[in-house]
Amino acid sequence: MAQMNMIEAIRSAMDVVMDKDPNVIVLGQDVGYFGGVFRCTDGLLRKYGDHRVIDAPIAEGGIVGAAIGMGLNGLRPVAEIQFADYIYPGFDQVVSELARIRYRSCGEFWSPVTIRTPCGGGIRGGQTHSQSPEAIFTHVSGIKTVMPSNPYDAKGLLIASIESDDPIIFFEPKRIYNGPFDGDPEKPAVSWASHPKGEVPEGYYTVPIGKAEIVRPGDELTIVTYGTLVHVAAAAAEAVGVDAEVIDVRSLSPLDADTLIESVKKTGRCLIAHEATRFGGYGAELSATLQRECFYYLEAPIRRVGGWDTPYPHAFEWQYFPGKKRLAAGIRKVMETAA
Amino acid sequence: MAQMNMIEAIRSAMDVVMDKDPNVIVLGQDVGYFGGVFRCTDGLLRKYGDHRVIDAPIAEGGIVGAAIGMGLNGLRPVAEIQFADYIYPGFDQVVSELARIRYRSCGEFWSPVTIRTPCGGGIRGGQTHSQSPEAIFTHVSGIKTVMPSNPYDAKGLLIASIESDDPIIFFEPKRIYNGPFDGDPEKPAVSWASHPKGEVPEGYYTVPIGKAEIVRPGDELTIVTYGTLVHVAAAAAEAVGVDAEVIDVRSLSPLDADTLIESVKKTGRCLIAHEATRFGGYGAELSATLQRECFYYLEAPIRRVGGWDTPYPHAFEWQYFPGKKRLAAGIRKVMETAA
Amino acid sequence: MANKSRLHIPKPTARPGDEPDFSYLDLSPAGSVDKPPVASRTRDIEYLSSGLVRVLDEEHHAVGPWNPTLDPSALQVAMRWMMLNRVFDQRMWQIQRQGRISFYMEAAGEEAVSIAQGMALRPGDMCFPSYRNQGLYMYRGMNLVDMMCQCLSNTRDMCKGRQLPIMYHSKEGNVFSISGNLATQYPHAVGWAMASAIKGEDHIAASWVGDGSTAEADFHHALTFAAVYQAPVILNVVNNQWAISTFQGTAGGERRAFAARGLGLGIPGIRVDGNDLLAIYAVTVWAADRARRGGGPTLIELVTYRGGAHSTSDDPTKYRPKDEWAAFPLGDPIERLKNHLIVEGHWSEDKHEALNEELKAEVMAAWKEAQQYGTMTEGPFLDPSTMFDDVYAEPPKRLESQRRRMLDLEKNGGGI
Amino acid sequence: MANKSRLHIPKPTARPGDEPDFSYLDLSPAGSVDKPPVASRTRDIEYLSSGLVRVLDEEHHAVGPWNPTLDPSALQVAMRWMMLNRVFDQRMWQIQRQGRISFYMEAAGEEAVSIAQGMALRPGDMCFPSYRNQGLYMYRGMNLVDMMCQCLSNTRDMCKGRQLPIMYHSKEGNVFSISGNLATQYPHAVGWAMASAIKGEDHIAASWVGDGSTAEADFHHALTFAAVYQAPVILNVVNNQWAISTFQGTAGGERRAFAARGLGLGIPGIRVDGNDLLAIYAVTVWAADRARRGGGPTLIELVTYRGGAHSTSDDPTKYRPKDEWAAFPLGDPIERLKNHLIVEGHWSEDKHEALNEELKAEVMAAWKEAQQYGTMTEGPFLDPSTMFDDVYAEPPKRLESQRRRMLDLEKNGGGI
Ligand SMILES: Cc1ncc(C[n+]2csc(CCOP(=O)(O)OP(=O)(O)O)c2C)c(N)n1
Ligand SMILES: Cc1ncc(C[n+]2csc(CCOP(=O)(O)OP(=O)(O)O)c2C)c(N)n1
Ligand SMILES: [Mg+2]
Ligand SMILES: [Mg+2]
């Protein structure tokens, strides 16, 4: 098996599906000749030609709208939005069209668009290159929302997304493109080479959409999280010395509630963590569902750790980012409380 | 005091503030000569002239963007988006600009725009004239989100919103424009005349943003809701015969968590209800906050009743709408469960 | 020019109580606009965006270079479709007024748009219509009973009760599904056309928006993408002078025709008499031919008038003169084709009247049949639990459990 | 025209390894474009959108009707600002390369845009710039130390560490705050200008976007609103030939100049040599005058070249020839003004060199001073808890409690 970082894994996913299915095409800003500002589409233009890897004008609404039209005509478009923060100009096409065409036409028309977009902070991008807007999309019926936390899942989930007949927003936590990150920016960068999930098959495989993964089994506490924070959570649990079960949600909608519920029933305690602004974030949905389903098993209130309810400030991203320290504090809080 | 329905109360709010402050202007589709498709701006053009009541092109992004610019130049714009379902084309201007200008310029620039928009179903409007997208906005730091449930609050909150230096999304539940609605579409329409909150002062007053209201005191159960469902919830509690405390959240962000927490601590049981799609809805935030703060007081899991996780279907709106029956079932569920 | 900066507020020439005034419309006489070769460069055919392509002259003859010289029989067929469109709309409007459907939108005065363009396109071409293009669905094979069942949200409703009346869709007829959000279909058409070119097929796409909707972002997105990739697409702006209560000037139509909107991107524009079936047919064939031969997009502005209210929820007497339609200088598309056929000896008032009655009967018969599949008040009724279908191809589990809870609740009031 | 529909993929004339090729640029000789009265009707001045207004000729003389005949001293001042812009950018670029700031964007090759337009506008006019208009902030009074402190996110940072470097704002100078989202400032400018007209003031607004950004929805919104209300606004498109890796053709610039984008709405467009300070100044004064006198909006396309990388995160050698800038036919704005002043006898190579050294010293001195307010690695540091300020005018309680928790956590690792 090959070693890949997340960029290579994502590129490999597109390569594998494009090779297999001539209807798969890629479009987005700078994805063609240049290979994408994060290099995720590097080499695809040379291999598949300019009718399948298309540099688009700077108009996210146009990219999503045109991709929908292509999908209606039998293609399987993979659209890149350069930063998740820039998906808003295309929001109407996502919510009112992409998510709704199958429903309103009773299945006669549909468009299997996958929208890939890098999200999250930690690269000193400031407030418009750091957002994690996943909660906004999970609330929209008709689309699915996925966020991998490692190269293996990224490739398998992306292939599954592209092949899915449902429209999917595929969030890529850019902080971990090049290596896992335990939340401590002072430590030297780690590469995916040392991580088991950095081992990625060259060829075709899928990771099913709608399945969470227990990345670290444990008995005392369940930490439900996704994206970059999967790694931070594991490190924080380690640091606190709690036998935490860390669950990577991976597929935010559809949500694999069963896996989460089972774990929380087992541990009786739950911490939810994400990078996005906490108020009205996706963690609220997780908390609401888990408290309802696990009420009689809970020994302490479910707590959420998230980004503060402010924009993501450039200079203070490490104070904003819910890092190891904040997660550790959260873990302690959930553990301390007497049952 | 005058009798007003919600349309008249909203119109009166704009009238009162426009009269008081020459910088208040109104813009939107069909708001001028015609007076708005729901008549909320009727008469304002004649009274204040076409430089203060402005018919806009059909471009929600342009309306919000231009309103922001006007606000930056000292005006206090009240923008109407004809249906909440049509706010999405203006989403980027709301999230990336309106909500963020004060922050990114450290208070040097800001624009006090109020966006009024009718939301919710129950008027046979089908999936694009029925949505309640409030959750999406409550997740965005930098804007405030308000939804009144009666004429008195509508006027007082709208005046407070227009006068606020913060940008505000002001949702108007259109099902109750003309009268309160207990969730039973078969019953003859009721007018606001018979409702105490249909009594509205002609002149200036405000209802503070950030304050929930206990609309029906009770001891056995807390129902937290807002908009149209305030009336449905009260009727459902009546029907079930439970001594429920019904709280109208009114201001979704900022949230008056204290009032809610106090009530739930008192009753030990909580049902949350809203019309929007449940998954990832605003009810999730309410539930997450309340379970954390009231954990040791809860005698049963907090439950949420919402619209189903589908688009709002035209012919089945009463099956989609969380009506009296569904709320009653929810109440029973929360009450049944042994502590 | 004034001497200080000022806000200009566009005002229609007439409001209720005023005399209708269409002096603002630039009209050219029939036959006066040259017809260029399809392969012309955009810069050489800018005149098409400011003139008005017309074929039917004041004496009802078909004249000039754009005369498509269609067979009289083809024109009679076209006539029939336009009349059917109108008769259907009138009946459905009444039906809405009787409270038997919840909503309706008519195309009165604009029927030539859908019928002429329907005729000019090939069956394999894909249409992305607006809500006033019901004629396109009809022309492309949707039967009246199906349309009525959609409006009734009954057991035969193609939309299974999910959509507002008139929001049809036809996979078979290659006519896309209507959206509530204005202009969103425009970039879809461009993307569809791009895909056609990518796949090496020669099908083209066409889309329609109203004058008011040109202000939306998707109008710009569509034009930009169409120009950049030279997509084989026809982008139509149906300028019926009014959005809801605002006139075309509020959408930016005061200074330059909508046909000129793409010129800055190198997209040729043609302004055509939207009530002249022959002219519309001719310009559409021209644009389709150009697209199919690799000439890229064309923007067509169809100058017409919204004869009726915006929708059944609207009351136009509140914002425009009652008799404005009668004063519209381009008349009524049905009358104009009728007069043409009559002067050419292929039609008569009697035949017209007879056809009208025949169509009324056809529509009435359809209405009878449609009601058998259910009405708003009488069964059979659609199963409401179908509302959980088609949200996804592979639905999440929670939708299934919500469906069960809903059914449970319908039955015995239990569960949430 | 081909014989079948096809997808056109815009391709730049040269990629790495190719000879630079600017043959696609339509150039007119200096002085060759007529200057119309400000009160002209849009349709009579369409020629301004296809020609290229230039004042400086090949021999460095100022010629033709657009020559603003500015005082030599004014030109020397302009020269100084352009040079300062460049020297500042070069220094900050180095500083970024040394890892002492996180990010930077330079305006190399485009300095004339900000300086000439800054000169042409009045202090009461409001500017809504793009991220490449740092020259505007400078010209309108922001001092270098403040700009550097912003880039350093230090204790004197006007943005309190919230914004990426270069995202300045100046209330005092009437220059708006930079957004990360492209083109969003365009409708703000239009709304601001509308408010000015509503209030009966004669201040105008101006905004800038790049060629690539014209594809965004807000470009269309701004043009539509500006045209409809005849807002007193100048909408500038800085066509520096490149977005990031895509050239201006990918934004729809292959067939028609960006200056023509508003013609379909009746907005006059002027295409100007973006490296000719005199020409830019002249057209901007013309457009400002027109706006102030009630003539409404003007779209100005400034034809220039992005001399540097897109940003410090970019490597342009990956997608365009290394020597493309040197081959750009409109040269370098600083060189051109220098040569003009020299041939007119108001400047010399020596003076130029001396000024350059002086400016370098000024920038170095500023850098020294700026660092005293803190750097990324050395204090004093901003208080991170300021991140909770200014989210709202009246903040919700939860922000206060989050601030407390954050401080608590910073101190003793407790609480969440
Ligand atoms: C995004 C969006 N904004 C607003 C509306 C409300 N609306 C429906 S139709 C209409 C007027 C459209 O006018 P026009 O485009 O001229 O089409 P016409 O009705 O004349 O055919 C408006 C404002 C909508 N449906 N979608
Ligand atoms: C809405 C949005 N989409 C994408 C981007 C990413 N982006 C930043 S600059 C840029 C290129 C802009 O090119 P142009 O408008 O020509 O301006 P220039 O950099 O040449 O001055 C892109 C794609 C963004 N900042 N915002
Ligand atoms: Mg119209
Ligand atoms: Mg550029």
Side-chain angles (χ1 to χ4, degrees), chain B residues 22-23 25 27 49 51-52 54-75 77 89-90 92-93 95-97 99-113 141-144 164-167 209-210 251 253-258 289, chain D residues 126 128 157-160 162-163 167-172 176-181 183-201 203 205 207 216-218 220-229 231 233 386-387 389-399:
Chain B
N23 288 322
I25 68 107
L27 80 166
H51 277 46
R52 294 186 61 199
I54 302 173
D55 272 325
I58 306 175
E60 291 73 14
I63 291 172
V64 179
I68 292 172
M70 292 174 173
L72 290 168
N73 198 355
L75 300 186
D92 188 46
Q93 281 288 344
V95 176
S96 307
E97 300 300 318
R100 301 288 151 82
I101 290 169
R102 176 183 297 276
Y103 192 71
R104 70 176 198 240
S105 69
C106 295
E108 280 209 358
F109 292 104
W110 49 278
S111 187
V113 175
S141 59
I143 49 172
K144 296 183 174 176
S164 164
D165 289 346
D166 285 316
I209 292 163
S251 163
S253 173
L255 168 66
D256 177 5
D258 293 344
T289 296
Chain D
M126 180 75 194
F128 292 85
D157 173 13
M158 66 185 82
C159 296
K160 295 195 184 145
R162 294 172 194 163
Q163 288 264 77
M167 297 199 169
Y168 316 106
H169 57 87
S170 171
K171 178 84 181 167
E172 213 183 301
F176 190 54
S177 142
I178 302 290
S179 175
N181 294 53
T184 49
Q185 69 275 21
Y186 238 46
H188 301 166
V190 176
W192 195 99
M194 288 173 68
S196 181
I198 289 171
K199 296 192 289 181
E201 297 171 352
H203 307 310
S207 189
E216 286 289 3
D218 280 329
H220 178 62
H221 297 145
L223 264 66
T224 305
F225 278 63
V228 167
Y229 303 109
V233 65
T386 56
M387 81 160 100
D389 297 335
D390 306 315
V391 184
Y392 295 90
E394 296 169 65
K397 268 169 54 178
R398 67 177 193 274
L399 278 187

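Letters A, B, ... mirror the listed sequences (proteins, then strands); counts begin at 1.
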Colleague: For chain D, which candidate among B:P57, B:G107, B:S96, B:P254 shows the most heavy-atom pairs at distances under 4.5 Å?
Modeller: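 Highest number of heavy-atom pairs under 4.5 Å: B:P57.
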
Colleague: Judged by atom type as modelled, is there a donor-acceptor pair below 3.5 Å linking the side chain of B:R104 to the main-chain atoms of D:C159?
Modeller: no

Colleague: Under the side-chain contact (heavy atoms from CB on, under 4.5 Å) rule, what do B:C106 and D:D389 come out as? Steps first, then yes or no, please.
Modeller: CA-CA 8 Å; B:C106 295; D:D389 297 335; over 6 Å; no

Colleague: Between D:Y186 and chain B, with a heavy-atom cut-off of 4.5 Å, which part of the residue counts as in contact: side chain, backbone, both or neither?
Modeller: neither

Colleague: Is D:Y229 in contact with chain B via its backbone, its side chain, both, or neither, using a 4.5 Å heavy-atom distance?
Modeller: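 When you check distances to chain B, only side chain atoms of D:Y229 fall under 4.5 Å.
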
Colleague: To the nearest 0.5 angstrom, please state how far the OH atom of D:Y392 sits from the NZ atom of B:K144.
Modeller: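 Rounded to the nearest 0.5 Å, the OH-NZ separation comes out at 7.0 Å.
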
Colleague: Taking all non-hydrogen atoms of both residues, which atom of B:E97 and which atom of D:S179 are closest, and how far apart?
Modeller: OE2-OG, 2.6 Å

Colleague: Please classify the contact of D:V228 with chain B as side chain, backbone, both or neither, using a heavy-atom distance under 4.5 Å.
Modeller: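 Contact with chain B: side chain only.
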
Colleague: At a 4.5 Å cut-off on heavy atoms, which part of B:Q93 comes close to chain D: side chain, backbone, both, or neither?
Modeller: side chain

Colleague: Using modelled atom types only, decide if a donor and an acceptor are shared between the side chain of B:D166 and the backbone of D:A393 within a distance under 3.5 Å.
Modeller: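 A pair under 3.5 Å: yes.
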
Colleague: Would B:I63 and D:F225 count as a side-chain contact (heavy atoms from CB on, under 4.5 Å) here? Give the steps.
Modeller: CA-CA 9 Å; B:I63 291 172; D:F225 278 63; 3.8 Å; yes

Colleague: With a 4.5 angstrom heavy-atom cut-off, could you sort out which part of D:Q163 is near chain B: side chain, backbone, both or neither?
Modeller: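 Contact with chain B is through the side chain of D:Q163 alone.
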
Colleague: In terms of heavy-atom proximity below 4.5 Å to chain D, should B:D256 be classed as side chain, backbone, both, or neither?
Modeller: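 Neither part.
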
Colleague: Shorter than 4.5 Å, heavy atoms on both sides: which option in D:S170, D:S196, D:G180, D:S177 has the most such pairs with chain B?
Modeller: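 Going by pairs under 4.5 Å, I would pick D:S177.
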
Colleague: Counting only non-hydrogen atoms closer than 4.5 Å, does B:A59 touch chain D with its backbone (N, CA, C, O), its side chain (CB onward), both, or neither?
Modeller: both

Colleague: For chain D, which candidate among B:P167, B:P112, B:G65 shows the most heavy-atom pairs at distances under 4.5 Å?
Modeller: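 Result: the option with the highest number of such pairs is B:G65.
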
Colleague: How long is the span from the CG atom in D:D390 to the CZ atom in B:R100, to the nearest 0.5 Å?
Modeller: 13.5 Å

Colleague: Test side-chain contact (heavy atoms from CB on, under 4.5 Å) on D:M126 and B:L72 and set out the steps.
Modeller: CA-CA 10 Å; D:M126 180 75 194; B:L72 290 168; over 6 Å; no

Colleague: Checking D:R162 side chain against B:Y103 main chain: does a donor-acceptor pair fall under 3.5 Å?
Modeller: yes

Colleague: Tell me, with the steps shown, if B:M70 and D:W192 meet side-chain contact (heavy atoms from CB on, under 4.5 Å).
Modeller: CA-CA 5 Å; B:M70 292 174 173; D:W192 195 99; over 6 Å; no

Colleague: If you count heavy-atom pairs under 4.5 Å between each of D:E172, D:M387, D:K171, D:H203 and chain B, which one has the most?
Modeller: D:K171

Colleague: Just how far is it from atom CD of D:Q185 to atom CD1 of B:I68, taken to the nearest 0.5 Å?
Modeller: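 It comes to 11.5 Å.
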
Colleague: Hey, what do you get for OG (B:S105) to CE (D:M167), rounding to the nearest 0.5 Å?
Modeller: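 Going from the OG atom of B:S105 to the CE atom of D:M167 covers 13.5 Å.
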
Colleague: Under 4.5 Å heavy-atom distance to chain D, tell me which part of B:A257 shows up: side chain, backbone, both or neither.
Modeller: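 No part of B:A257 comes within 4.5 Å of chain D.
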
Colleague: Using non-hydrogen atoms only, which part of B:I209 is less than 4.5 Å away from chain D: side chain, backbone, both, or neither?
Modeller: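 For B:I209, no heavy atom lies under 4.5 Å from chain D.
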
Colleague: Are any side-chain N or O atoms of D:K199 and backbone N or O atoms of B:N73, one a donor and one an acceptor, separated by less than 3.5 Å?
Modeller: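 Here the side-chain-to-backbone pair exists.
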
Colleague: Between D:L399 and chain B, with a heavy-atom cut-off of 4.5 Å, which part of the residue counts as in contact: side chain, backbone, both or neither?
Modeller: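 Contact with chain B is absent: no heavy atom of D:L399 under 4.5 Å.
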
Colleague: Quick one: pull up CG in D:N181 and CG in B:D92 and give me the separation to the nearest 0.5 Å.
Modeller: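 Reported value, rounded in 0.5 Å steps: 4.5 Å.
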
Colleague: Of the listed residues (B:I143, B:I25, B:N23, B:L27), which shares the most heavy-atom pairs with chain D below a 4.5 Å separation?
Modeller: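 Looking at each option in turn, the highest pair count goes to B:I143.
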
Colleague: Once rounded to the nearest 0.5 Å, what's the spacing between atom CD1 of B:I101 and atom OG1 of D:T184?
Modeller: 8.0 Å

Colleague: Sort D:M194 into side chain, backbone, both or neither according to what part of it lies under 4.5 angstrom from a heavy atom of chain B.
Modeller: side chain

